[in-house]
Amino acid sequence: MEQRHLGRTGLRVTRLGLGTLNWARDTDEQEAADQLKAFWEAGGSLVDTADIYADGGAEYLLGRLTEELVPREDLVIATKAGSVLAADRRVDGSRRHLLAALDASLERLGTDYVDLWQLHAFDPHTPLEETLQALDLAVTSGRARYVGLANFSGWQLARAGTWQLAAPGVRNRLASAQMEYSLLQRGIEREVLPAALDLGIGLLPSSPLGRGVLTGKYRHGTPADSRGASEHLAAFVAPYLDETASRVVEAVTTAADGLAVTPLQVALSWVRDRPGVTAPILGARTAQQLRAALSVETLSLPDEIRQALDDVSAPVHHYPDHDWSTL
């Protein structure tokens, strides 16, 4: 599998990443093992998890499989911290919480360090410089090799990335930003993506298949075994089952038919090759689904098809997202 540099750093990762959101919840240990083995055998290296996935269960499972199935040195392990399940708050970006969460993640993962440690979300109640200091402490203590962010808005990412660059040698450059990005969700193109490109931050798209909708599985209803029929994920899929999304899915399906490939391959190839993207994160439930996604490695979309998909999925951009003189 082809590798790319993560942002403006020396870290190289494969241009597809393996996500573990479903592990220890919808994906059991055997299925997770099959996924990890298939990903590794395909040449994949970047594996993304978080301390909140299955309340730590995904990290624990990844740690076990790394010890038993795949050599640790062959993987680039990324995890996230900052999301909490407390009744009175969703995010805790305090230095106290973040560093304790990192130690707990390392214990569950069974490793002395993670290759990439990411803030899961912006905390408006904690000074940003305190939150970012936790990232620097993680690197200087050897517990993390690189650091990044997830789910930050454009101004939040720009402020954090600029702060880190303001003291070279003291603060650590942000390597990545993990954001939802697909043909059905192009909101980051307004401000997040331009900021990331300017600051040299690599983009790791989550939900690159539009929460599964871009595979075409929902074109004629909701399959009983799909996330859309799942009690805890139906609301996650529902926003992408409207008429606007349907037009995009039909365009993807038409392109797939013309190329003799699957809608999944078309949608994933589109986002993988967008400017600024390092590696989409694949959150498959089964090894069979993952293998289908990994087959995209040999596909590059023709320019005319890429342009057609750009047009049909184009978000509405108004002032000040575009140059005011063109509006």
Side-chain angles (χ1 to χ4, degrees), residues 1-4 6 11-81 102 104-118 120 144-146 148 150 176 178 202 204-209 211-212 215 225 227 230 233 264-265 268 271-272 278-298:
M1 191 182 300
E2 183 179 321
Q3 294 196 343
R4 293 170 172 171
L6 184 58
L11 180 62
R12 288 169 58 82
V13 300
T14 47
R15 64 178 181 167
L16 292 176
L18 173 62
T20 63
L21 174 63
N22 297 306
W23 286 21
R25 187 178 63 181
D26 298 324
T27 301
D28 62 23
E29 182 169 351
Q30 184 56 56
E31 195 67 56
D34 291 344
Q35 285 189 25
L36 184 60
K37 186 176 181 181
F39 183 67
W40 176 59
E41 290 177 343
S45 65
L46 176 62
V47 182
D48 178 76
T49 189
D51 62 352
I52 202 173
Y53 293 171
D55 197 21
E59 287 184 330
Y60 179 71
L61 183 50
L62 176 57
R64 287 183 56 184
L65 295 178
T66 302
E67 180 180 354
E68 301 170 0
L69 192 65
V70 176
R72 169 67 179 91
E73 60 270 19
D74 286 359
L75 299 180
V76 175
I77 295 179
T79 194
K80 297 180 285 294
L102 176 57
S105 288
L106 294 176
E107 183 175 353
R108 285 189 292 267
L109 289 164
T111 183
D112 295 330
Y113 70 95
V114 289
D115 299 283
L116 176 64
W117 190 43
Q118 305 160 100
H120 213 154
R145 299 294 189 254
Y146 296 86
S176 65
Q178 188 170 150
L204 301 175
S206 59
S207 296
L209 297 175
R211 307 182 184 185
T215 64
D225 62 345
R227 292 178 183 174
S230 165
L233 287 176
L264 178 155
Q265 290 173 308
L268 185 55
V271 70
R272 181 200 64 196
T278 298
I281 305 298
L282 304 172
R285 286 187 300 109
T286 68
Q288 182 180 5
Q289 291 176 341
L290 177 62
R291 290 188 182 95
L294 293 174
S295 66
V296 78
E297 180 65 18
T298 59

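Predicted model only: the values in this text are computed from it and were never measured.
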Enquirer: Tell me, do R272 and P208 make a side-chain contact under 4.5 Å, heavy atoms counted?
Expert: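 Contact flag for R272/P208 side chains = no.
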Enquirer: Do L282 and F39 come within less than 4.5 Å of each other through their side chains, counting heavy atoms only?
Expert: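 Of all side-chain heavy-atom pairs linking F39 with L282, none is under 4.5 Å.
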Enquirer: Is there a donor-acceptor pair under 3.5 Å between the side chain of E31 and the backbone N or O of T27?
Expert: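 No; judged by distance alone, with no hydrogens or angles, the pair does not exist.
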Enquirer: With respect to L268, which candidate in L294, T215, L209 satisfies the side-chain contact (heavy atoms from CB on, under 4.5 Å) definition?
Expert: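 Between L268 and the candidates, side-chain contact (heavy atoms from CB on, under 4.5 Å) is satisfied uniquely by L209.
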Enquirer: Return the minimal non-hydrogen interatomic distance between T49 and A58, and the atom names on each side.
Expert: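 Smallest heavy-atom distance, with atoms named: OG1-CB, 3.7 Å.
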Enquirer: Taking all atoms of both residues into account, what is the closest heavy-atom pair of A279 and T14, and its distance?
Expert: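 Looking at all heavy atoms of both residues, the closest pair is CB-O, 3.3 Å.
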Enquirer: Could you give the distance from OG1 (T298) to CE (M1), rounded to the nearest 0.5 Å?
Expert: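 Rounded to the nearest 0.5 Å, the OG1-CE separation comes to 11.0 Å.
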Enquirer: State whether the number of non-hydrogen atoms from other residues, nucleotides or ligands found under 6.0 Å of E41 atom CD is greater than 12.
Expert: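 Atom CD in E41 is crowded, with more than 12 foreign heavy atoms closer than 6.0 Å.
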Enquirer: So which heavy atom on R291 is nearest to which on D34, and how close?
Expert: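 Residues R291 and D34, closest heavy atoms: NH2-O, 4.3 Å.
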Enquirer: Rounded to the nearest 0.5 Å, what separation is found between the OG1 atom of T278 and the CG atom of L6?
Expert: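 It comes to 5.0 Å.
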Enquirer: Got a sec, which residues hit salt bridge (charged side-chain N to carboxylate O under 4.0 Å, His left out) with E2, two or more places apart in sequence or on another chain?
Expert: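 R15.
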Enquirer: Out of curiosity, L75 CG to L109 CG, how far, rounded to the nearest 0.5 Å?
Expert: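 One finds 11.0 Å between CG of L75 and CG of L109.
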Enquirer: Is it the case that the side chains of W23 and Q35 hold a donor-acceptor pair, with the cut-off being a distance below 3.5 Å and no angle test?
Expert: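 Side-chain D/A pair, Q35 to W23: present.
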Enquirer: Tell me if a side-chain donor or acceptor on R64 pairs with a main-chain N or O of E29 at a distance below 3.5 Å.
Expert: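 The answer is no, because no donor-acceptor pair under 3.5 Å joins these two groups.
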Enquirer: With no hydrogens and no angle check, just 3.5 Å: does a side-chain donor-acceptor pair link Q118 and D48?
Expert: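 Indeed, the side chains of Q118 and D48 share at least one donor-acceptor pair under 3.5 Å.
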Enquirer: I want to check something: taking the side chain as every heavy atom from C-beta on, are L16 and P280 in contact at a cut-off of under 4.5 Å?
Expert: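 When only atoms from C-beta onward are counted, P280 and L16 do touch, with a gap below 4.5 Å.
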Enquirer: Would you confirm whether D115, through its side chain, and A78, through its main-chain N or O, come within 3.5 Å as a donor-acceptor pair?
Expert: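 Such a contact is absent between D115 side chain and A78 backbone.
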Enquirer: If you round to the nearest 0.5 Å, how far is OG of S206 from CZ of R211?
Expert: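 Result: 8.5 Å between the selected atoms.
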Enquirer: Among L18, D74, L69, L65, which residue satisfies the side-chain contact (heavy atoms from CB on, under 4.5 Å) criterion with W40?
Expert: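 Testing each of L18, D74, L69, L65 against W40, the sole residue satisfying side-chain contact (heavy atoms from CB on, under 4.5 Å) is D74.
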Enquirer: Are I52 and H120 close enough that some pair of their side-chain heavy atoms sits under 4.5 Å apart?
Expert: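 I52 vs H120: side chains touch.
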Enquirer: In Å, rounded to the nearest 0.5 Å, how long is the span from CG of L36 to CG of L62?
Expert: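 One gets 6.5 Å once the value is rounded to the nearest 0.5 Å.
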Enquirer: Evaluate the side-chain proximity of E107 to E59: yes if any heavy-atom separation is below 4.5 Å, no if none is.
Expert: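 They are not in contact (no side-chain heavy atoms under 4.5 Å apart), so the answer is no.
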Enquirer: Sub-3.5 Å donor-acceptor pair from the side chain of S176 to the main-chain atoms of G202, do we have one?
Expert: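 No; judged by distance alone, with no hydrogens or angles, the pair does not exist.
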Enquirer: Do R25's NZ or CZ and the ring of Y53 fall within the cation-pi criteria of under 6.0 Å and 45°?
Expert: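 Verdict for Y53: no cation-pi partner in R25.
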Enquirer: Closest heavy-atom contact between K80 and A150?
Expert: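 For K80 and A150, the tightest heavy-atom pair comes out as CD-CB, 4.2 Å.
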Enquirer: I'd like to know if the side chain of T111 reaches the main chain of L106, judged simply by a donor and an acceptor atom lying under 3.5 Å from each other, with no hydrogens or angles considered.
Expert: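 No, the answer is negative, given that no donor and acceptor are paired below the 3.5 Å cut-off.
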Enquirer: Does the D51 side chain pair with the main chain of L102, one donor and one acceptor, at a distance under 3.5 Å?
Expert: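 Checked: no pair found.
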Enquirer: May I ask you to establish whether R72 and Y113 are in a cation-pi arrangement, using a distance under 6.0 Å from NZ or CZ to the six-membered ring centre and at most 45° from the ring axis?
Expert: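 Ring-cation test returns yes.
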Enquirer: Does the side chain of R145 reach to within under 4.5 Å of the side chain of L116, using non-hydrogen atoms?
Expert: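 No, side chains not in contact.
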Enquirer: To check you understand the geometry: which heavy-atom pair defines the closest contact between A32 and L61, and what is its length?
Expert: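 Shortest heavy-atom separation between A32 and L61 comes out as CB-CD2, 3.7 Å.
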